Number of protein chains: 2
Amino acid sequence: MTGETDNSINEKVNSLLFESGHRYSTVRRRLVSVLRSAGKPLTNSQIVDADDSLVQSSVYRNLNILEEAGAVTRVVTNGEFTRYELAEHITEHHHHIICTSCGDVTDFSLPSTVEKSLHNSLQKAAHKSSFSVQNHRLDALGTCSSCV
Amino acid sequence: MTGETDNSINEKVNSLLFESGHRYSTVRRRLVSVLRSAGKPLTNSQIVDADDSLVQSSVYRNLNILEEAGAVTRVVTNGEFTRYELAEHITEHHHHIICTSCGDVTDFSLPSTVEKSLHNSLQKAAHKSSFSVQNHRLDALGTCSSCV
DNA sequence: CTTCCTGCAAAAGTTTTGCATTAAC
DNA sequence: GTTAATGCAAAACTTTTGCAGGAAG
C-alpha cells in the first residue's frame, strides 16, 4: 500500500510516543497494526471487530493518545462515527472517496501538478481571510460499487 | 453574500419541502433565515443562540428534514458538533476554512480553472475505484486570526 | 518498586424519539 | 376538521473518565 515497512512504521510511532512521554504498549502496537493493514480509515468498532483482544474504551483512549503524539489522524466523514488512520507523514499524502450511502472510505491520490495548483489557490484564498493554512482536506463524495 | 434574494431562497426551499411532502412552517422559515444571514455553517446551539424562539430538539428535527429535502447540507469539521448551511444549489459552490483551534468555519471560493482541473482529476481517480462521484468537499485547515 | 497502562463500569455530552398539544391548510 | 409540526421530557448512542488491578521498564 505504501513504501513503508512495518518496522519503519513502528520505529516512527515509537519515537513519536516517546517524545510525548508515552510507551509503545502492546495495545498501541495492535492498534497501529490494525490501521496499517486496513489501509483506510476505520471507526472504533471496526477496529475492535478487527482485533477481538481490543476493548472499546481503551481503543478510544489510545487513539486520542496516538493522535496527540502525531501518529494517527482523525478523519471525519458524513457518518456518525469518527474514523482514524495512520498520519500522512507515516504513510503518504492522500485523499478520501466517501460513500454517502454506507459511509465507507477509500484512499486515492492526485497528480502532483493538481496538488500544487490546489495548494497555491488555498494559500491565496486563506490570505484574504487572514487564516494561516496548515493543510487541506479533499474528499470525493459519491456512491461505492456495493451501494449502487 | 450571494446573489440570491430572501424571496428566491424561500421559493426554492418551499418547493423542495413541498416535493418531499412537508410544509414550510414558521420554525423552518426561521431556521432558513438564521442560516441565510449567518453566511457560514452553524451548529445547533449557535442556531438556538441566534433565535431564542427556537428549541433544541425542534432544530435538530427540522435540520434533518431540510437536509432530506435537499435545502440544507450537513457540514462536518474536526470539532464535536455537526454544522449546517444552506445547500449549494440555493447559494453557490464554495469551500470552508476551518480553524482547528476553535472550530469556527469561514467560506471561500476557488478560481473556476482550479475547480475544473480538480473535478477532472477526481473523476479519473474515482473511476479507478469504481466509485461514482457526485461532488467534492475541499476544506482548508488552519488557525483563524483570533486563535493565533 | 515505581510509573504508566488496561479493563470494567459509570458518567458525560450530543442527537433522537414518544407523546400530548398546537398550528397549518 | 384533518394532517402535520412543535415543545417538553425521556431515551439512545457515541465518547470520556474514575478507579482498582496489572504490565512495563
Side-chain angles (χ1 to χ4, degrees), chain A residues 10 13-34 41-49 51-69 71-85 102-103 105, chain B residues 10-11 13-35 41-49 51-69 71-85 102-103 105:
Chain A
N10 280 331
V13 175
N14 189 39
S15 303
L16 288 166
L17 283 172
F18 183 76
E19 284 161 23
S20 61
H22 295 285
R23 296 175 184 164
Y24 196 13
S25 68
T26 307
V27 170
R28 288 172 195 159
R29 282 178 189 277
R30 291 187 154 237
L31 221 36
V32 168
S33 167
V34 169
L42 298 181
T43 64
N44 191 292
S45 67
Q46 286 177 321
I47 292 170
V48 172
D49 287 350
D51 183 340
D52 288 342
S53 78
L54 296 173
V55 171
Q56 195 185 36
S57 67
S58 295
V59 171
Y60 274 120
R61 186 147 32 196
N62 284 305
L63 285 173
N64 282 334
I65 288 169
L66 287 166
E67 188 190 20
E68 278 168 36
V72 307
T73 308
R74 180 190 290 255
V75 175
V76 290
T77 63
N78 276 335
E80 310 75 54
F81 297 90
T82 303
R83 288 161 199 265
Y84 283 88
E85 66 183 356
C102 68
V105 183
Chain B
N10 280 329
E11 275 170 32
V13 175
N14 189 39
S15 303
L16 288 166
L17 282 171
F18 184 77
E19 284 160 25
S20 59
H22 294 286
R23 296 172 184 166
Y24 196 14
S25 67
T26 307
V27 169
R28 288 172 195 159
R29 283 177 188 276
R30 292 187 153 236
L31 221 37
V32 168
S33 167
V34 169
L35 292 177
L42 298 181
T43 64
N44 191 293
S45 67
Q46 286 177 321
I47 293 170
V48 172
D49 286 350
D51 183 341
D52 289 343
S53 78
L54 296 172
V55 171
Q56 194 184 37
S57 67
S58 295
V59 171
Y60 274 119
R61 186 145 34 195
N62 284 305
L63 285 173
N64 281 334
I65 288 169
L66 286 166
E67 187 189 21
E68 279 168 35
V72 307
T73 308
R74 179 190 291 254
V75 175
V76 290
T77 63
N78 275 334
E80 310 75 55
F81 296 90
T82 303
R83 287 161 200 265
Y84 283 88
E85 66 183 354
C102 69
V105 183

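So that the names make sense, note that chain A is the first sequence line, chain B the second, and so on, each numbered from 1. Please read all numbers here as calculations on a predicted model, not as lab measurements.
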To the nearest angstrom, the CD-C1' distance between B:E68 and D:dA4 comes to 15 Å
Using a cut-off of under 3.5 Å, enumerate the N/O to N/O pairs linking the protein to nucleotides 13-15 of chain D.
| unit_1 | atom_1 | unit_2 | atom_2 | d |
| --- | --- | --- | --- | --- |
| D:dT15 | OP1 | A:T82 | N | 3.3 |
| D:dT15 | OP1 | A:T82 | OG1 | 3.2 |
| D:dT15 | OP2 | A:Y60 | OH | 2.3 |
| D:dT15 | O5' | A:Y60 | OH | 3.2 |

Across all chains, not counting sequence neighbours, the side chain to side chain donor-acceptor pair (under 3.5 Å) partners of A:R30 are A:D51, A:S53
By side-chain contact (heavy atoms from CB on, under 4.5 Å), A:S20 pairs with (sequence neighbours left out) A:H22, A:A69
dist A:T73:OG1 -> A:L66:CG (nearest 0.5 Å) comes out at 10.5 Å
Test log, rule side chain to side chain contact (heavy atoms under 4.5 Å, CB included), inputs A:R83 and A:L42
CA-CA 5 Å; A:R83 288 161 199 265; A:L42 298 181; 5.8 Å; no
Separation of C:dC4 atom P from A:L66 atom CG, nearest Å, is 17 Å
Can you tabulate the close N/O pairs, meaning under 3.5 Å, that link protein atoms to atoms of nucleotides 20-25 of chain D?
| unit_1 | atom_1 | unit_2 | atom_2 | d |
| --- | --- | --- | --- | --- |
| D:dA24 | OP1 | A:T26 | OG1 | 3.4 |

Residue-phosphate contact under 4.0 Å: B:H22 side-chain N/O, D:dA5 OP1/OP2:
yes
Atom CZ of A:R29 and atom P of C:dC4 are separated, to the nearest Å, by 19 Å
Within the sub-3.5 Å range, which N or O atoms of nucleotides 8-12 of chain D have a protein N or O partner, and how far apart are they?
| unit_1 | atom_1 | unit_2 | atom_2 | d |
| --- | --- | --- | --- | --- |
| D:dC8 | N4 | B:S57 | OG | 3.3 |

When rounded to whole Å, the CZ to P distance for the pair B:R28 and C:dA24 reads 11 Å
With sequence neighbours left out, the residues meeting side-chain contact (heavy atoms from CB on, under 4.5 Å) with A:Y60 are A:N44, A:Q56
Hits for salt bridge (Lys or Arg N to Asp or Glu O under 4.0 Å) against B:E67, two or more places apart or cross-chain, chain-then-number order -> B:R74
side-chain contact (heavy atoms from CB on, under 4.5 Å) filter on A:S25, not counting sequence neighbours, yields A:V27, A:R28
Of B:V34, B:N62, B:N64, the one forming a side-chain contact (heavy atoms from CB on, under 4.5 Å) with B:Y84 is B:N64
Scanning both residues in full, the closest heavy-atom pair of A:V48 with A:V55 reads CG2-C, 4.4 Å
If each end axis of the helix from C:dC1-D:dG25 to C:dC25-D:dG1 is fitted on five C1' pair positions, the angle between them, to 10 degrees, is 40°
Taken to the nearest whole Å, CG/B:L63 to P/D:dT6 is 11 Å
One should read off an interatomic distance between A:L16 CG and A:E68 CD, to the nearest 0.5 angstrom, of 12.5 Å
From CD1 of A:I47 across to C1' of C:dT6 the rounded distance in Å is 17 Å
Distance col, row B:L17:CG vs B:R23:CZ, nearest 0.5 angstrom, shows 12.0 Å
Smallest heavy-atom separation, A:Q46 atom then A:P41 atom, equals OE1-O, 4.0 Å
Between CG of B:N62 and P of C:dT15 the distance, given in whole Å, is 15 Å
side-chain contact (heavy atoms from CB on, under 4.5 Å) filter on A:R29, not counting sequence neighbours, yields A:N10, A:Y24
B:L17 CG to D:dA4 P, in whole Å, measures 14 Å
Rounded to the nearest 0.5 Å, the CD1 atom of A:I47 sits from the CG atom of A:L63 at a distance of 4.5 Å
